[in-house]
Amino acid sequence: MRKVLLVVSLLFACLVMAQLAADVPRNETFIANQLTGRVGTPGNFNLWAGWRWQDRGIQNLLLEPLWCVEYATGEIINALAAEPPIYNSDFTELTIKLRKGVYWSDGVLFTADDVVYTIELLKRVPGMSYNAQLQEVAEVKKLDDYTVVVKLTGSNSRFHTYLLDRWGALRILPKHVFEKVEDPMTFEFNPPVGTGPYVLKGYDPGGYWTLWELRKDWERTPTGMLYGKPAPKYVLIQTFGTAEQQVLAMARHELDAADLTMEGLRAVLQRVNTARAWRRDFPWSVNIDPCVTGLHFNNAVEPYNNPEVRWALTLAIDIVEYAGNAFDGAVTLSPIHLPLTSAYYDWYFTRIEEWLKSLELDLGDGQKFKPYDPTAGERLAEYAKKRGYKVPTDPGEIKKIFGPGWYKYAPDVAEKLLIKNGFKRDPKTGKWLLPNGKPWTITILTTTNPAHPSYRNGFAASQAWKKFGIDVTVMTSDALATLGQRGEFEITTDWPAAEPWGGHPDLFRVFDPYNSEYLVPIGENAPWGNYGRWTNPEMDAVIAKLKDTDWNDTEGIVTVGLEGLKLLIKEMPGIPTFNYPGVVAWDEYYWTNYPGAENMYCQPYHHWPNFKYMLPFLKPTGKK
Amino acid sequence: MTQAGAFTRPGIFSKEVEVLRFFRTYFLPRILIYFLVIVVGVTIVFVIPRLLPMDPIQQMIGQITSTGAYLDPKAMNYMIETLKELYGLKGSLWEQYWSFWKRLFRGDFGPSYFQFPVPVISLIRQSLPWTLGLLLTTTLVSWILGNVLGALGGYFPQKSWAKILDVISMVIRPMPYYVLALSLLLLFAYFIPVFPLGGGFLIGGRIRFDLRSILILLKHAFLPAMSLILLGVFLWFQAMKLVVQSVKNEDFVSYAKLGGLSQSKIVRRYVMRNAMLPQITGLALSLGQIFSGALITEIVFSYPGLGTLLYNAIFTGDYNLLMGIMSMSIFVITTSILVIDLLYPIFDPRVRYR
């Protein structure tokens, strides 16, 4: 009995310290947390048949898209495609040229047959991803092994964007695997076969981790061809239940890259001396995320259907106080309906700044007001400095970090605009009354996650408008997506406009949801990006022009894009406040050369499809 | 003949009558209530998710678009119609209710909406062994330990070990479970790093039926189990202690003492046996609740199970998955209560003779 106990104790002791299996050396493994949480279907990798937690490594390690957005450098990466999309003159035909020499991980050559088969299969089987979008394909055929032509039922100059990976895309599946399958919807695609640099090594049947191993023939993948050999031999994508667990894992050097809350990041930076954030100093957060946050008005509900009311609410915000309340000032302000990433800053902000400075609002009685404040970014930097943070002194750097400017805090002007529109203050309480004499109350609908920028926007707006004299309630709900689409809200903290592509100047994705063709009454589904049901004939004209502008005509696209942006600013259907402040923490104990603010060779998130393009640049420290 | 026979054998006749009476007044009403509770419970489970402001299709579209994928507004309506068709959400509420019952009888809960087309039953099957393994063990261990300690602590309150147990229970019981679980994690996975931070099994390893795998499984289950047992033991301990303190002052205990019975016999046969009755009912309820999982445990320790499955089903509006887990839970709770109810006469002769 004693002997048995001894053996058991020894075995237990041996197992105690091991985090990874013996054949997976820690110093050859890159460990990242999984953004979307525990995988519900651990043995199923068929992401063409529904939600499959693709950031578990399916999109970021296993598969390559045709094209991929790279918002850090402002480019579109030709991955499986050899060159940008080619359209005919009336945009009814798309030609795709494919990269040569790419092999699937099981050794089969990737060719045009895979692309043709993918499109035909997904179009044919209801319920498969992109089945709805592919109904506009009239015919797809290969011209040769590396050229595919897609004929459309009508004109669509942006059809290829379905194949453009931006945390989601129609990705090409292996024909030689799927053609043998009876039902592609129930097929589990396990073990999965991909064109990316990693293959599946193992997964947790409980859904908490997925382990990937570098392909021996990594040089036959687009990643290998474009960027070289990925440094880690293994990549582990792991779900940690709580932020606290991630902090502990980083402290034990059992986690190399994590998405954290700002509070979690501060804890990691204090505790782990090898940890770093995207920016090494304040404000630490990622400000190149291709989303702009803010507030979204329901234009089908009075008084939010009035642009002057929307402007009054904008001017009732002291943006420095607002950013301070939301994120202690650790944000990049954006006065336009785009995130001010380096690329959008250059493409759009530099060309719209003068117009912003000259923009005037009509206050009635011949009074005009210029709302733009080009010093807002500097004021925010000053706030951060007073809070004791280290802030750069170079004005150019301040503009890039804290934003160039925003709108003035002008409650007096907001008051004039409201009075002009029949609002008045209650003489007893000083609070605002609607034109019909009833008290003005606002309900802001937001998410239930307190760390989310939407939530922070909701409460910051509530504080600003309460100060201005309006009764504001913030309603948090997990049914945000449903209530938003149905238009069952007054103001929501959904993005003020749909996200742009990120790595391309085209704003079709931002503007198209405003197309009056899609306008629906409250209770029906509105397109994402315009849950607020705002339309305008001028915007319809902008969308039509953009549809007729080729994807590769950068100058033409930017010119039309500027028209649309100016209209959005004049009408303010949603208030843009600041870039999405992404929070990533990296541990430099085992790996270095991360794509931080000082070295932006790639976007920084490990859950994005571009993660595989980051891995060749990582350098091992050699620690055991 | 029968009547004559019956009159000639009065003992048998009265036993038959007794069984019949027991069947009519005790067994039958309970069986009827059992089925009624199941029907009402399952109906509520069908109705409640449909009253939520969440629509599974809109939640799915929200998920797709919020993560960055582009969904052309023109294609959206086509997609909504296709998904309605596939999810079986096209008919009237009554038709959906009827088909739900038909499927239920076949043991089929339909496909999960959020993880379409994966059947709900296979999702439950994946998570259930982890939940059963963890919660069945911890519930039974907590129940046995808590009741034994509670009975002894209640009978011998002046002993020093009973006082120590009292103090410990006063510290642990009011502690929020999350804080207790996180403290254990901090202590044994960070300050004294002898246990993993989370997960159900060694990363990169494969579960096999050998000693090594069992030890790894135990190691990963240790902290979650410990957190549940600590809280559970002291919950049962306090409840049992209170019951015992009341029972030990009953006349029959005094009578037994006067009768000269040994103290251990009094504790086992007179005090514990009487005090156990409410605890047995409590155990039945606790066993039934296993099927709802242990959400906070799963989140804090990244441990697989039904809790996170249920949680995700709620906030993605996955009616089928929600109905699958809840229906199973209703079935198990009602069945365990029925079984305990039917076995009650064995534990409590008073029920038998009533």
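In the text below, chain A, chain B and the rest are named by the order of the sequence lines, each starting its count at 1.
What you find for A:Thr41 and B:Gln126 is that their closest heavy atoms are CA-OE1, 4.3 Å. Minimum heavy-atom separation, A:Ala249 to B:Leu197: CA-CD1, 3.2 Å. Nearest heavy atom pair, residue A:Arg252 against residue B:Pro193, reads NH1-CB, 3.9 Å. Residue B:Leu202 comes nearest to A:Trp209 through the heavy atom pair O-CZ2, 3.5 Å, listed as atom of the first residue, atom of the second, then distance. Here the shortest heavy-atom pairing between B:Trp130 and A:Gly206 reads NE1-CA, 4.1 Å.
A 6.0 Å sphere centred on CZ of A:Arg271 holds no more than 12 heavy atoms belonging to other residues, nucleotides or ligands. Other residues, nucleotides and ligands place more than 12 heavy atoms under 6.0 Å from the NZ atom of A:Lys123. For B:Tyr177, the OH atom counts as densely surrounded, since its 6.0 Å shell holds more than 12 non-hydrogen atoms of other residues, nucleotides or ligands.
Panel note: side chain B:Thr82, backbone A:Pro126; no donor-acceptor pair is recorded below 3.5 Å. Under a 3.5 Å cut-off, the side chain of A:Arg38 and the backbone N or O of B:Gly305 do form a donor-acceptor pair. Between the A:Tyr208 side chain and the B:Tyr303 main chain, a donor and an acceptor come within less than 3.5 Å of each other. Checked by atom type and distance alone, the side chain of A:Gln245 pairs as donor or acceptor with a backbone atom of B:Val300 at under 3.5 Å.
Two residues are said to be in side-chain contact when any heavy atoms from C-beta on lie closer than 4.5 Å; B:Ile203 and A:Asp204 fail this criterion. The closest side-chain heavy-atom distance from A:Leu248 to B:Leu185 is below 4.5 Å.
There is no contact between B:Ile314 and chain A, counting heavy-atom distances below 4.5 Å. When heavy atoms are compared at a cutoff of 4.5 Å, B:Tyr113 does not approach chain A at all. Contact of A:Gln135 with chain B is made through the side chain alone, with heavy-atom distances under 4.5 Å. Heavy atoms closer than 4.5 Å to chain B are found in the backbone of A:Ala526, but not in its side chain. Neither the backbone nor the side chain of B:Ile57 has a heavy atom closer than 4.5 Å to any heavy atom of chain A. Of the atoms belonging to A:Thr239, it is backbone heavy atoms, and not side-chain ones, that fall under 4.5 Å from chain B. The contact between B:Leu123 and chain A is made entirely by side chain atoms (from C-beta outward), counting heavy-atom distances below 4.5 Å. With a 4.5 angstrom heavy-atom cutoff, A:Glu517 touches chain B only via side-chain atoms.
By number of non-hydrogen pairs under 4.5 angstrom with chain A, the leading residue of B:Ala189, B:Gly317, B:Ser302 is B:Ser302. For chain B, the option among A:Gly43, A:Ala481, A:Gly502 with the highest count of heavy-atom pairs below 4.5 Å is A:Ala481. Your options are A:Leu211, A:Asn131, A:Asn530, and the one with the most heavy-atom pairs under 4.5 Å with chain B is A:Asn131. Chosen from A:Glu488, A:Glu136, A:His607, A:Gln485, the residue pairing most often with chain B at heavy-atom distances under 4.5 Å is A:Gln485. Per-residue counts of heavy-atom pairs under 4.5 Å with chain B were compared for A:Ser129, A:Ala479, A:Gly529; the largest is that of A:Ala479.
Note on ring orientation: taking the six-membered ring where Trp is involved, the planes of A:Trp51 and B:Phe114 are tilted (angle from 30° to 60°).
Partner A:Thr186 forms a side-chain contact (heavy atoms from CB on, under 4.5 Å) with one of B:Pro117, B:Pro111, B:Pro119 and no other, that one being B:Pro117.
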